[in-house]
Amino acid sequence: MPDSILVTGGAGFIGSHLVERLLEAGKTVFVVDDLSTGSLDNLAEVRDDPSLHLIIDSILNHPMMKDTVSQVDRVVHLAAAVGVRKIIDHPVETITTNVRGTEIVLDCCDKHGTPLYLASTSEIYGKGGDRLHEEHDRIMGSTAHRRWSYACTKALDEFLALAYHQERGLPVILGRFFNTVGPRQSGEWGMVVPTFVTQALAGDPITVYGSGEQRRSFCHVDDTIRAVLGLLDAPGAVGQAFNIGNEREITMMGLAERVKDRVGSVSEIVLVPYDEAYGEGFEDMERRQPDIAKIGGLLGWEPEKSIDQIIDDVVAYYAAKVHG
Ligand code: UDP
């Protein structure tokens, strides 16, 4: 792996875990983060590491990005507006950051032929259901539903990255994260596991949206980071997209019960209609389960951590926060 890496969004939930692993491996790490959803607290353990260069700025600052990319051997582009709540509440910011931001990152990488890892998302499959493989059709709802803007911005990012690869020979790798969870993930933008955990710890009602029968597959961030590091080192990954997720599914009602049980909480579990949760006309997907045969075939990677380990790690993180 190269010696110096820029991680955009490096103060975010996934980014901060990646930055820690890269520093442990002896790399020089540059971080560009505007702290819009990330936080310096996420980097507290590595803030004083002399190999970490922290730039608090937006990826939309083109001259700064040009200068920073010129100093590194590789870029991992994680900075994006994420979270269903954020996408619904701040659509202009979501679309601009995700589209223009990636255009800028790609332009800067292209100047020096700097290899790029682009973080994409399972959301791009849209309403598609189980065992989603990388070539699966994408099924989107109407543009009247803001939720789908996120999927479209990330799909456009993928198209653009592949275009740079095909037309200009830029080495790009696309990693599609499926519901990634772990310590430092915030519930502020709607993510379900930290939301349920903080509700359970506080003894507040656990809010299950819709029927609670919808299912998700949750992957521990430690497993996700192993996959990203593996892809960065795999020449066969260039020009390809990979699902990164856990195949095991759980319903949201099942998750609420499991969280309540593991916390030992007195919280009641309540059903909240989608309209109340997200406003009128919200569309959720029933299932979103990855097929991980492709990354498994290339790297031998598979997730190791169970849903209970995921919940316990998130509980430990939030319990420590509450108790200072
Ligand atoms: N969800 C829920 N209660 C909450 C937050 C989310 O029941 O307080 C549901 C949401 O409707 C979805 C699932 O949990 O079906 C996962 O939501 P999240 O926003 O974490 O990720 P998504 O997979 O939808 O991108």
Side-chain angles (χ1 to χ4, degrees), residues 12-14 37 80-91 94 98 119-130 132 138-141 145-155 176-182 184-202 204-221 224 243-260 263 265 267-290 307 310-311 314 318:
F13 154 56
I14 298 178
T37 52
V82 295
V84 176
R85 166 79 44 215
K86 178 148 188 120
I87 288 145
I88 287 176
D89 291 350
H90 303 282
T94 308
N98 293 3
S120 186
T121 167
S122 56
E123 184 89 2
I124 66 145
Y125 294 108
K127 302 178 193 180
D130 60 328
L132 295 160
R138 303 173 45 243
I139 306 160
M140 294 292 127
H145 301 306
R146 291 178 189 179
R147 165 189 201 126
W148 302 116
S149 68
Y150 176 59
C152 290
T153 63
K154 291 310 269 185
R176 295 180 186 148
F177 296 141
F178 284 64
N179 297 71
T180 307
V181 188
R184 300 184 197 143
Q185 186 178 39
S186 162
E188 194 182 346
W189 302 109
M191 276 75 161
V192 67
V193 175
T195 301
F196 284 1
V197 166
T198 45
Q199 289 168 337
L201 284 170
D204 292 339
I206 300 177
T207 53
V208 175
Y209 298 162
S211 68
E213 290 305 308
Q214 72 275 31
R215 291 185 254 174
R216 290 293 185 275
S217 309
F218 296 102
C219 190
H220 194 291
V221 66
T224 302
N243 290 337
I244 301 176
N246 194 317
E247 290 174 324
R248 290 250 174 93
E249 290 187 296
I250 185 168
T251 66
M252 292 310 97
M253 182 53 81
L255 177 70
E257 284 162 355
R258 196 76 79 97
V259 168
K260 177 174 166 160
V263 170
S265 172
S267 293
E268 58 169 333
I269 297 174
V270 296
L271 286 179
V272 179
Y274 284 121
D275 283 2
E276 240 172 73
Y278 296 114
E280 210 147 302
F282 178 79
E283 288 187 306
D284 201 5
M285 61 276 287
E286 280 303 299
R287 296 180 72 183
R288 194 162 58 194
Q289 182 199 34
I307 187 67
I310 290 173
I311 293 170
V314 176
Y318 278 106

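One-based numbering, in listed order, for ligands and for the atoms of each.
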Review point. Which value, rounded to the nearest 0.5 Å, describes the distance between Q214 atom CD and L255 atom CG?
Key: 10.0 Å
Study note, to complete from the structure: Output for pair (I269 CD1, E257 CD), nearest 0.5 Å, gives 5.0 Å
Which of the numbered atoms in ligand 1 are under 4.0 angstrom from any heavy atom belonging to [X]?
X	answer
V208	7 (O)
Y278	6 (C), 10 (C), 11 (O)
V84	19 (O), 24 (O), 25 (O)
M191	20 (O)

Among all protein non-hydrogen atoms, which one is nearest to [atom], and what is the separation to 0.1 Å?
atom	value
atom 19 (O) of ligand 1	G190 O, 3.4 Å
atom 21 (O) of ligand 1	N179 ND2, 3.4 Å
atom 13 (C) of ligand 1	M252 SD, 3.6 Å
atom 15 (O) of ligand 1	D284 OD2, 2.6 Å
atom 3 (N) of ligand 1	T207 O, 2.7 Å
atom 7 (O) of ligand 1	Y209 N, 2.8 Å

Point to revise | Residues R287 and E249 bridged, charged N to O under 4.0 Å | key: yes
Review point. Could R288 and E123 be called an ion pair, given the rule that one side-chain N must be under 4.0 Å from one carboxylate O?
Key: yes
Sub-4.5 Å side-chain heavy-atom contact between [X] and [Y]:
X	Y	value
H90	W189	yes
R85	E188	no
F218	V192	yes

Exercise for review: Would you kindly say whether Y125 and R176 are connected by a side-chain donor-acceptor distance under 3.5 Å?
Suggested key: yes
Residue-level breakdown please: for [X] versus ligand 1, do any non-hydrogen atoms fall below 4.0 Å on the side chain, on the backbone, on both, or on neither?
X	value
E286	neither
R216	side chain
Y150	neither
T195	side chain

With the threshold set at under 4.0 angstrom, would you say [X] reaches ligand 1 through any of its heavy atoms?
X	value
Y274	yes
R288	yes
G210	no

Check your understanding: Can the ring centroids of F282 and Y209 be said to lie less than 6.0 angstrom from one another?
Key -> no
Exercise for review: Indicate yes or no: does an N/O atom of V192 lie under 3.5 Å from an N/O atom of ligand 1?
Suggested key: yes
Check your understanding: Between the side chain of T180 and the main-chain N/O of C219, is any donor-acceptor distance below 3.5 Å?
Key -> no
Check your understanding: With a cut-off of 6.0 Å (strictly less than), are more than 12 heavy atoms of other residues, nucleotides or ligands near CZ of R138?
Key -> yes
